[in-house]
Number of protein chains: 2
Amino acid sequence: MYKIENEAFVCPMEVTLHILNDKWKMFIVYALLDGPRRFKDICEKFPKITQKTISQKLKELEAAHMVNRVVYPQVPPKVEYSLSETGKRIEPMVKAMFDFGVFYAETYGCVE
Amino acid sequence: MYKIENEAFVCPMEVTLHILNDKWKMFIVYALLDGPRRFKDICEKFPKITQKTISQKLKELEAAHMVNRVVYPQVPPKVEYSLSETGKRIEPMVKAMFDFGVFYAETYGCVE
DNA sequence: CAGTATCCTCATCGATACTG
DNA sequence: CAGTATCGATGAGGATACTG
């Protein structure tokens, strides 16, 4: 039994899924694994996600200590998002997900 | 670019998330990693999920070749769900998620 | 550029009851 | 036991427009 910021979790899996289990967060942290990115670049990388949702998800990830937000005081504004040290720890997880996807696509799909 | 059953995916991550990214599926496949389970046992393991949802998620996982469903012809009925060979391939992924959860809880939470 | 503000849709999931 | 049927809630996410 773990307690994190007043929420209780029975199992570590629950903790991980609490942070990352929604429609888009995994995609966003995955995109940040390459390195820091500006808000605009994240939006362009995911044209299917609205600005509003990206903004909201980044906030949630920041609150969960997964993402750092750096504001460069200039005009026009520049804000860079990057994975925190904690956030970088998702790498093995992402790699495993990637590998599974490759296997699955090879087994049930085709490359075009 | 991959094509799987008439759906297109740009990246293997997308494939994996297409199969597993919803509120409950990860929990269900995780529970099946231990071995086959009856419908009832899955329900009891997740009292927070309704029967209806569990039933629906199992169907989707079966359709995605992740889960096998075996009916024992007896009264009262007995149905066992287990991971398919494909389903078992999630193990490294689940392990990585578990490990991340442990790290996260140790860093930001406390054990009780 | 990096967001907010509104308003709204729709899928997901829940509660409850029922059946082969 | 292993589901299905119905109805209903809700909140995540979308569309669009606006701002410092």
Side-chain angles (χ1 to χ4, degrees), chain A residues 7 10 13-14 16-32 35-64 66-84, chain B residues 7 10 13-14 16-32 35-64 66-84:
Chain A
E7 291 210 67
V10 204
M13 267 294 279
E14 218 185 318
T16 303
L17 290 171
H18 178 73
I19 302 170
L20 291 170
N21 202 22
D22 83 353
K23 199 169 171 185
W24 299 120
K25 275 180 197 156
M26 278 301 305
F27 286 106
I28 294 174
V29 290
Y30 175 53
L32 291 176
R37 276 176 183 272
R38 299 181 65 160
F39 184 76
K40 185 191 73 151
D41 297 327
I42 302 175
C43 290
E44 280 171 7
K45 177 147 177 127
F46 301 109
K48 286 182 188 171
I49 322 181
T50 58
Q51 255 191 340
K52 177 198 158 194
T53 301
I54 292 175
S55 166
Q56 179 191 327
K57 295 306 158 187
L58 284 168
K59 263 187 195 160
E60 290 171 20
L61 288 167
E62 199 192 350
M66 296 293 287
V67 158
N68 290 139
R69 178 175 181 272
V70 177
V71 183
Y72 295 83
Q74 60 182 52
V75 180
K78 172 174 168 180
V79 177
E80 244 179 19
Y81 292 92
S82 58
L83 290 185
S84 67
Chain B
E7 290 209 68
V10 204
M13 268 294 279
E14 218 184 317
T16 303
L17 291 171
H18 177 72
I19 302 170
L20 291 171
N21 201 24
D22 83 353
K23 200 168 171 188
W24 300 119
K25 276 180 196 157
M26 277 302 304
F27 285 107
I28 294 174
V29 291
Y30 175 53
L32 290 176
R37 275 176 184 272
R38 298 181 67 161
F39 185 76
K40 186 192 71 151
D41 296 328
I42 302 174
C43 290
E44 279 170 8
K45 177 148 178 127
F46 301 109
K48 285 183 187 170
I49 323 180
T50 59
Q51 256 192 338
K52 177 195 157 195
T53 302
I54 292 174
S55 165
Q56 179 190 328
K57 295 305 159 188
L58 284 168
K59 263 187 195 162
E60 290 171 20
L61 288 167
E62 199 191 350
M66 296 292 285
V67 159
N68 291 137
R69 179 175 181 271
V70 177
V71 184
Y72 295 83
Q74 61 183 53
V75 179
K78 172 174 169 180
V79 177
E80 243 178 22
Y81 292 92
S82 57
L83 290 184
S84 67

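Keep in mind that this is a model prediction, so the values were computed, not measured.
Of the candidates D/dA2, C/dG3, C/dC1, the closest approach to any side-chain atom of A/Arg38 belongs to C/dC1.
The OH atom of B/Tyr81 sits 10.0 Å away from atom CD1 of B/Ile54, with the distance rounded to the nearest 0.5 Å. The distance from atom CG of B/Leu17 to atom CE of B/Met26, rounded to the nearest 0.5 Å, is 10.0 Å. Here the CG-OG distance, from B/Asn68 to B/Ser84, works out to 5.5 Å after rounding to the nearest 0.5 Å. For the atom pair NZ (A/Lys25) and CE (A/Met66), the distance works out to 9.5 Å, reported to the nearest 0.5 Å. The distance from the CG atom of B/Leu83 to the CZ atom of B/Arg37 is 11.0 Å, given to the nearest 0.5 Å.
Of the side-chain N and O atoms in B/Arg69, one or more sit less than 4.0 angstrom from OP1 or OP2 of D/dG3. The phosphate of C/dT4 (OP1 or OP2) has a side-chain N or O of A/Lys59 nearer than 4.0 angstrom. Between B/Ser55 and D/dT4 there is a side-chain polar atom (N or O) within less than 4.0 angstrom of OP1 or OP2.
Rounded to whole Å, the distance from NZ on B/Lys40 to C1' on D/dA2 is 11 Å. The distance between atom CZ of B/Phe27 and atom C1' of C/dC13, rounded to the nearest whole Å, is 15 Å. Taking atom OH on B/Tyr81 and atom P on D/dA2, their separation rounds to 9 Å, with Å as the unit. Between B/Asn21 atom CG and C/dT12 atom C1' the separation is 13 Å, expressed in whole Å. In this structure, A/Lys78 atom NZ and C/dG3 atom C1' are separated by 17 Å, rounded to whole Å. One interatomic measurement links the two molecules: CG of A/Leu58 to C1' of C/dT4, which rounds to 15 Å at whole-angstrom precision. The separation between A/Asp41 atom CG and C/dA2 atom P is 7 Å, rounded to whole Å.
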Using a 4.0 Å cut-off on protein heavy atoms (strictly under), produce a 5'-to-3' string for nucleotides 13-20 of chain D with B for base contact, S for backbone-only sugar-phosphate contact, and - for none. BBB----B

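Put simply, the side chain of A/Lys23 does not reach to within 4.5 Å of the side chain of A/Ile49, judged on heavy atoms. Residues A/Lys45 and A/Phe27 are not in side-chain contact: their nearest non-hydrogen atoms beyond the backbone lie 4.5 Å or more apart. The shortest side-chain heavy-atom distance between A/Val79 and A/Arg69 falls under the 4.5 Å cut-off.
Between the two ends of the helix from C/dC1-D/dG20 to C/dG20-D/dC1, each summarised by a five-pair axis, the helix axis turns through 60° (rounded to 10 degrees).
In this view, A/Phe39 satisfies the ring pair (Phe, Tyr, Trp, His ring centres under 6.0 Å) rule with no residue, not counting sequence neighbours.
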